[in-house]
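What you see below is based on every heavy atom in this structure, not just the backbone, and it leaves out hydrogens, waters and symmetry mates. Chain identifiers are assigned alphabetically (A, B, ...) following the order of the sequence lines, protein sequences preceding nucleic acid strands; residue numbering begins at 1 within each chain.
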Number of protein chains: 2
Amino acid sequence: MAIASAETQVCLIMVGLPARGKSLIAGKVKRYLGWISVKAEIFNVGKYRRKENAQPDASFFEPHNTQGEKARRAAAEAAVTDLLKWFKADTNNTVAILDATNSTRDRRKWVHERITAAGIDAIFVESKCDDEKLIMSNILEVKTTSPDYKGQDPEAAARDFRKRIANYEKVYETIDESERSYAYVKLINVGHQVIINLIQDYLSSRLVYYLINLHIKPRHIWLSRHGESEYNLQGKIGGDANLSSRGELYAQALPGIVRRSGVPQDTQLVIWTSTLKRTIQTARYLQAETKWDQLEWKALDEIESGVCDGMTYGEIEKTYPEDFAARDQDKYNYRYRGGESYRDVVIRLEPIIMELERSDNIIIVTHQAIIRCIYAYFMDSSSDKSPWMEVPLHTLMKLTPKAYGTKEERFKADIPAVSTWRGKGSAAKHHDSISDPNGPPTIIVGSPEN
Amino acid sequence: MAIASAETQVCLIMVGLPARGKSLIAGKVKRYLGWISVKAEIFNVGKYRRKENAQPDASFFEPHNTQGEKARRAAAEAAVTDLLKWFKADTNNTVAILDATNSTRDRRKWVHERITAAGIDAIFVESKCDDEKLIMSNILEVKTTSPDYKGQDPEAAARDFRKRIANYEKVYETIDESERSYAYVKLINVGHQVIINLIQDYLSSRLVYYLINLHIKPRHIWLSRHGESEYNLQGKIGGDANLSSRGELYAQALPGIVRRSGVPQDTQLVIWTSTLKRTIQTARYLQAETKWDQLEWKALDEIESGVCDGMTYGEIEKTYPEDFAARDQDKYNYRYRGGESYRDVVIRLEPIIMELERSDNIIIVTHQAIIRCIYAYFMDSSSDKSPWMEVPLHTLMKLTPKAYGTKEERFKADIPAVSTWRGKGSAAKHHDSISDPNGPPTIIVGSPEN
């Protein structure tokens with residue numbers, strides 16, 4: 001399935017005052033696009049400005065500071081020039097995001113002309129926000145993480161940053177009817193109100209759907225594979241087997257592990273499983289104890305292995321040696337005969353990701369390949385690595401989306417299980433590795449974007 | 001997969017002047033919801049008003065005509081009362097659409113109170129339109145089809161209807177900031193600009209996504225099964241066989257048949273196929289001759305028949321007699337072991353339908369079950385009938401969406417093929433029925449909605 005035809009190149013031009021989540025939105029869009037194999041890049045004007053003016057104070061951003069204005073204009077010029085070069089270098093470079101305030105009509109007119117003159121579609125994405133809580137949390141983020149304030153007193157940084165915002169406010173013009181000939185999306189208080197103007201093609205429409213589903217309330221996502229199954233014991237893939245007796249123990253332990261992982265008080269999770277017995281059986285005790293809502297999604301079923309369904313890796317290697325080798329060569333794109341590739345799985349998981357973006361706290365009990373794909377979305381892992389990721393049985397993962405990345409914690413059950421992980425080139429049935437009993441939670445924090 | 005949790009009940013309250021496509025939008029939303037198995041009903045206030053005032057002239061709609069105002073208010077009361085009864089009668093009744101002008105703030109406040117007091121979510125859907133061409137085409141539609149003007153001179157009807165619109169314009173208040181506490185979607189010139197306010201839950205978000213994808217430019221959709229395959233000859237289902245020699249002839253004939261079906265001048269179609277060889281082979285000559293863009297969609301692959309893949313119906317009946325009987329009992333919901341049900345297919349086809357709603361002219365070369373599902377969407381066929389629909393090989397279907405329904409034409413190729421249609425209870429391999437050679441195009445027009 002083509003997400004974008006080769007000819008379409010789209011530039012998203014961010015608009016908004018500082019501390020309105022523009023960079024956060026840009027980062028999420030880039031990550032989402034990477035996940036669906038669309039090449040995207042962020043061009044942050046602040047980075048260009050910092051080359052000459054590393055840590056200017058608020059006065060640099062005053063509307064009548066001609067030197068400041070000149071330097072900021074030069075930074076925008078440099079960013080747009082690089083952005084256009086990037087589009088020209090490769091027609092597969094599909095979406096560029098110009099991350100800057102672009103807060104006046106004049107500036108937007110200039111950017112729009114530069115972009116469209118190069119044959120690139122331009123879409124403005126404005127984040128307009130007067131929710132003080134949201135702005136405050138963004139200011140907190142900036143004063144502690146922005147290179148503009150590195151090494152400075154956080155309180156002085158916050159004061160200066162507020163002055164900078166005030167300077168932008170003096171000239172800020174929100175997108176209105178006078179700019180109705182532009183394609184734009186205006187996000188007001190993230191998710192509260194959205195205005196969509198002149199959005200036409202397929203890729204743009206998908207981007208808009210993603211943007212309108214974004215929310216930024218704090219929440220968690222729990223991921224678990226089903227408990228060990230009869231097929232796991234035999235080293236067989238696919239099928240619709242029951243849990244093994246150890247898998248059954250994991251199902252019984254799951255409510256306690258979920259509690260131990262920390263569920264915020266008065267919080268109802270929603271339980272998602274696939275339609276296969278082993279995930280439904282795994283969630284059974286959790287559902288019975290908590291009475292949380294439960295949904296079965298066909299889209300969460302394990303990767304279809306077609307003619308290989310029910311075989312061991314050894315049998316596959318013997319029966320379909322060329323396929324076995326081809327899968328090792330390019331596991332993401334290899335499609336089982338009569339079955340699916342990881343790429344196919346990502347496509348069918350997209351509604352799941354959209355729903356996850358919209359939702360609060362979800363626990364997903366599903367399968368190895370599915371977890372790899374969902375994990376890749378949140379942790380921004382590349383398609384050549386994610387299909388090889390080890391996802392141990394009898395281990396609960398808790399993901400917490402943060403402003404720039406996703407925090408991960410793992411909680412292991414004290415219940416042995418076979419390892420179903422297979423290294424490249426190996427056809428070993430499995431090593432009967434026992435999960436580290438009662439080990440401390442592993443905490444891995446996703447690498448910050450850009 | 002649950003589309004809506006049992007508790008959510010949503011009322012879409014249409015807003016807009018007459019001739020702004022409100023009923024058309026309401027009808028499409030109802031059809032879409034029916035297709036994804038969400039129970040929906042339209043409550044048209046005009047119908048209630050006609051019980052007492054069948055053919056009032058424009059003066060009835062004057063703002064100061066107290067008798068007219070009273071009668072119109074009574075009609076709205078009656079419609080809302082029935083609507084609330086409908087929600088109460090069955091918790092599976094999920095989406096009601098109140099089709100009326102609701103053109104003043106006062107009226108909207110009243111409706112909103114009535115709906116939300118009953119625990120129903122209310123979403124206003126305003127169609128605002130100043131595109132004269134669009135309004136004119138709607139007026140044309142009304143004067144020729146509305147029961148309000150049945151039996152009247154069309155020109156007099158159009159004049160009176162324009163007066164009626166003018167009367168509504170005197171009091172019309174578009175939804176604005178003063179109503180920001182309501183959830184609403186405002187469609188401005190259908191697709192040009194969309195404003196989305198306070199849309200929260202899953203079902204609402206999907207409805208909004210559907211609404212923003214709607215366009216109403218005239219266009220066509222062509223549907224064809226692949227040419228006869230080697231598996232078709234053997235009576236086998238599934239697989240990834242090549243075309244038979246007769247299937248190859250159909251592929252060669254397809255460009256001519258498409259031309260014969262009438263492609264509007266200077267129109268580029270886009271060719272969609274599945275990822276299976278028989279559809280790609282069928283589209284081969286068409287693509288070579290026309291150079292039209294071509295996309296391969298995994299979502300257009302034939303229904304997965306799991307363990308039955310590659311078997312004949314006779315073999316399935318012998319090997320899995322219970323499954324064979326269960327499928328006949330409820331073909332829409334029956335899921336092949338390790339495969340899919342028609343319900344599953346509909347879910348994976350949803351992105352296809354969204355893209356079809358957004359697109360202009362598309363020709364789809366795909367498979368029997370897939371065509372049945374796409375056809376069911378456009379023709380509003382029920383889920384107990386659509387899986388049994390006969391879709392002959394070597395026949396091109398051309399669908400033309402109209403204001404109230406879809407026009408269908410069929411163009412048969414003069415190339416014999418086996419029939420793969422199986423009646424309920426039968427396991428016959430196939431009868432070697434020959435398509436009526438060179439017969440005139442069969443034209444079937446979908447029944448108008450509501």
Report which part of N189(A) has an atom under 4.5 Å of a heavy atom belonging to chain B: side chain, backbone, both, or neither.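 Neither; nothing under 4.5 Å.
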Let me know if I212(A) has heavy atoms under 4.5 Å from chain B in its side chain, its backbone, both or neither.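 Looking at I212(A), just its side chain touches chain B.
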Determine whether I196(B) and Q193(A) make a side-chain contact, defined as any pair of heavy atoms from C-beta on separated by less than 4.5 Å.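 Side-chain contact under 4.5 Å: no.
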If we only count heavy atoms from C-beta on, is the V194(A) to I195(B) side-chain gap below 4.5 Å?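 Side-chain contact under 4.5 Å: no.
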Against chain A, label [X] side chain, backbone, both or neither, depending on which of its atoms sit under 4.5 Å from a heavy atom there.
X       : result
R348(B) : neither
D240(B) : neither
L276(B) : neither
D301(B) : neither

Kindly indicate, with the supporting measurements, whether the criterion side-chain contact (heavy atoms from CB on, under 4.5 Å) is fulfilled by R335(A) and K298(B). CA-CA 11 Å; R335(A) 178 179 282 158; K298(B) 177 87 182 155; 3.7 Å; yes
Give, for atom CZ of R206(B) and atom CG of N213(A), the distance between the pair rounded to the nearest 0.5 Å.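 Answer rounded to 0.5 Å: 11.0 Å.
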Pairwise distance OG(S204(A)) to CZ(R358(B)) - rounded to 0.5 angstrom: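 Result: 8.0 Å between the selected atoms.
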Assess the residue pair M354(B) and Y209(A) against the criterion (side-chain contact (heavy atoms from CB on, under 4.5 Å)); give the C-alpha distance rounded to whole Å, side-chain angles, the decisive distance to 0.1 Å, and a yes or no. CA-CA 12 Å; M354(B) 289 293 177; Y209(A) 186 53; over 6 Å; no
Residue among N197(A), V208(A), I199(A) with most heavy-atom pairs under 4.5 Å to chain B: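 Max contact count across the listed options: N197(A).
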Do you know which of V185(B), L198(B), I188(B) has the most heavy-atom pairs under 4.5 Å to chain A?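 When all of V185(B), L198(B), I188(B) are compared, L198(B) has the most.
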